Amino acid sequence: MDNLGIARVFTDIGDLLEIKDANPFKVRAYRNAADIVGHMAERIADLTDAEVRALPGIGKDLSAKIRELSDTGALAYYDELRQEFPPTILDLLRLQGVGPKTVAVLYAERGIATLDDLETAATEGRLRTLKGMGPKKERLLLRALAEHRTRVGRHLIGHADDVATRVIDYLRADATDTTIVAVGSLRRGCETCGDIDLLAIGTNDQLMSRFTSFPGVERVLGQGPTKSSVLLQGDVQADLRLVPDESAGAATQYFTGSKAHNIAVRDLALQRGLRLNEYGLFRVADDHPVAGASEAEIYAALGLAYVPPELRENRGEIRAAADGALPRLIERTDLKGDLHSHTTATDGHADVETMARAARDTGLEYLAITDHSQALAMANGLDEHRALAHARHIREVSARLDGITLLAGIECDIRPDGTLDLAEDCLAELDLVIASVHSAFGQAEAQMTDRILRAIASPVVDVVGHPTGRLLLRRDPYKLDIEQVLDAAARAGVAMEINSQVDRLDLSDIHARLARARGVKLVISTDAHAPAGFDLLRWGVMVARRAWAEPDDVLNTRPLEAFQASLRRHRKGASAT
DNA sequence: GCCGTTTTCGGCCCGACTGTTTTCAGTCG
């Protein structure tokens, strides 16, 4: 079993123990272990017992369980726990506002073990008589259920990409003559994917049977000579298509989509007396093939510049491609720095120097260390005194490291009333201030909007962090008048973050494009909590590309000095010093 | 369950919000 699989088991155990009302520190130990294993760069199965044992938070018991899982793929203790509750009970925990205590009561008092059970009971008003519940709670539960339903069957792009990579590597190992690529929403960089679409180019007749015997396959949904579908562990569906070399470009284009983009492109082809399908571009009159081997060839034959996959949503890209007006999209290598990261000073997993070295190893020239402020007590947030001491430490480390410069920043909470969590004179001492909302998500739209507007109005704020607070597939964004916020940010010269965590991607592509249109500058940051976190920049870049962003739209494409000069605090007329 | 010992047991980040209460329990971050 791989790291993510082990992490998932430990997370489940933590949840089940919590439902059992076990020692909370034991629960935390399992969650902590899940976090560590899930974020490790190297395969934990490759480490020696002593090395596993040496990881912070992994002791005798957990290291043995890790070994059992990585060797056998199963864990007796986990199986015992699952005997005590129906496995579906963990689905209930995914609902907003439902925690372990509620799940325990629902199961013990009403025998509720599935989402359907819960919906029936809530609809029939059978929950309001439970202690601690009332009609209002019933309504909240029904709303949480409805929100949850819109999310099932979808997967975070980071997760889908992991799975796709594993399948592709497995197929390639045995089919070195065949090109295999991910297409569909994954290639377009959509924030979530319904299923994984893979395309193989060649004539390998063993490929389909090898695909359906991939070790992660739970069920074969269909298998033919050119098309197969499987259901993988974790409820991910994967489809594989096989096409001959001469159709490579046409098939890649066709299966990449989006549907709306393809319809528009085919329509354009018809206007020119051409027909486009997954096999190629043909003259309508005599079926003569015009193009098909590469995507670029097809777009060119239609009088279009090559359209990057991230833009293929029929949102103006075809007109722009015809006019030669497509943007020069930002690329990962354009980024010179990362502006959001955490260390062990608060809730990160590595110290300042370790994070700095990891950032440098991924090719970054500067890194802002931005630990939490005091309001996030759970994360051991910094008060003014600790924030300034931490800044001194960050600058010391920066001075002795070659190849990377550290900025002493902070991710400062925006309190419910819109005031900042740390005093302005303290924040003014720092190199970068990200202002973020981490509490009172339920505020009314006007209140939340005013709250963020007030933060933007503060002269010491440089960036608004994860501006809408959404957690993909888990929590909707808080209610917010985003256009009012963007207008204020444009006036104040405050940048908006694209947070690269795969469950945030916040701003979204849509909002980031709105921001660009208003002249609001973007930053792309990882919010890394561990050294491996810097790899996530690719997802933030993907969102920016889907927002049509060019390098100049994103402040951290600039070399350090130019970046610092662009911060409002250093601009002429800024009141902070 | 981990850790660090004052070496074998006690401590392990907490504060705000909500819906239910009438002083609190549960959830969230």
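Everything numeric here is computed off the predicted structure, so don't read it as measured data.
Looking at which nucleotide of DNA chain B each of A:Gly59 and A:Gly99 is closest to, the 5′-most match is held by A:Gly59. Looking at which nucleotide of DNA chain B each of A:Gly442 and A:Arg475 is closest to, the 5′-most match is held by A:Gly442.
With a 3.5 Å ceiling on both atom-pair distances, B:dT8 lacks any Watson-Crick or G-U wobble partner.
Classified by interplanar angle (parallel below 30°, tilted 30° to 60°, perpendicular above 60°), the ring pair A:His372/A:His529 is tilted. Ring planes of A:Tyr30 and A:Tyr77: parallel class, angle under 30° (limits at 30 and 60°). Using bins of under 30°, 30° to 60° and over 60° for the plane-to-plane angle, the ring pair A:His393/A:His390 lands in the parallel bin.
Side chain to side chain, A:Thr165 and A:Asp162 fail the donor-acceptor criterion of an N or O pair below 3.5 Å. No side-chain donor from either of A:Asn380 and A:Thr346 sits under 3.5 Å from a side-chain acceptor of the other.
Across all strands, A:Ala379 comes closer than 4.0 Å to base atoms (heavy-atom distances). Among the heavy atoms of the strands lying under 4.0 Å from A:Asp61 are primed sugar atoms or P, OP1, OP2 only; no base atom is included. If you check every strand for non-hydrogen atoms under 4.0 Å, A:Leu55 touches sugar and phosphate atoms only. When heavy atoms are screened at a 4.0 angstrom cut-off, A:Lys131 is found touching no nucleic acid atom at all. At the heavy-atom level, A:Thr102 lies under 4.0 Å from the strands shown only through sugar-phosphate atoms.
For B:dT18, the base adopts the anti conformation, since its glycosidic angle falls more than 90 degrees from zero.
B:dG26 and B:dT20 have their C1' atoms separated by 10 Å, given to the nearest Å. Annotation: B:dT21 and B:dA25 have their C1' atoms spaced 9 Å apart (nearest Å). B:dG11 and B:dC17 have their P atoms separated by 30 Å, with the value rounded to a whole Å. Of the P atoms belonging to B:dT8 and B:dC14, the separation is 26 Å, rounded to the nearest Å.
The pair A:Asp503-A:Arg470 fails the salt-bridge criterion, with no side-chain N (NZ, NE, NH1 or NH2) lying under 4.0 Å from an Asp/Glu carboxylate O. For the pair A:Arg31 and A:Asp15, the salt-bridge criterion is met [side-chain N within less than 4.0 Å of a carboxylate O]. Look at A:Asp12 and A:Arg82 and you find no salt bridge, because none of the NZ, NE, NH1 or NH2 atoms lies under 4.0 Å from a carboxylate O. Looking at A:Asp2 and A:Arg43, no side-chain N of the basic residue comes within less than 4.0 Å of a carboxylate O on the acidic one, giving no salt bridge.
Within a heavy-atom distance below 4.0 Å of DNA chain B, the residues of residues 24-36 of chain A found are A:Phe25, A:Lys26, A:Arg28, A:Ala29, A:Tyr30. Residues from residues 408-415 of chain A that place a heavy atom under 4.0 Å from any atom of DNA chain B: there are none.
For DNA chain B, the contact window with chain A, defined by any atom under 4.0 Å from a protein heavy atom, covers B:dG1 to B:dG29 in 5' to 3' order.
By the 4.5 Å heavy-atom criterion applied to side chains, A:Ile404 and A:Leu401 are counted as neighbours.
Taking NZ of A:Lys521 as the start and CG of A:Leu555 as the end, the distance is 6.5 Å to the nearest 0.5 Å.
Formation of a donor-acceptor pair under 3.5 Å by the A:Thr370 side chain with backbone atoms of A:Ser341 is found in this model.
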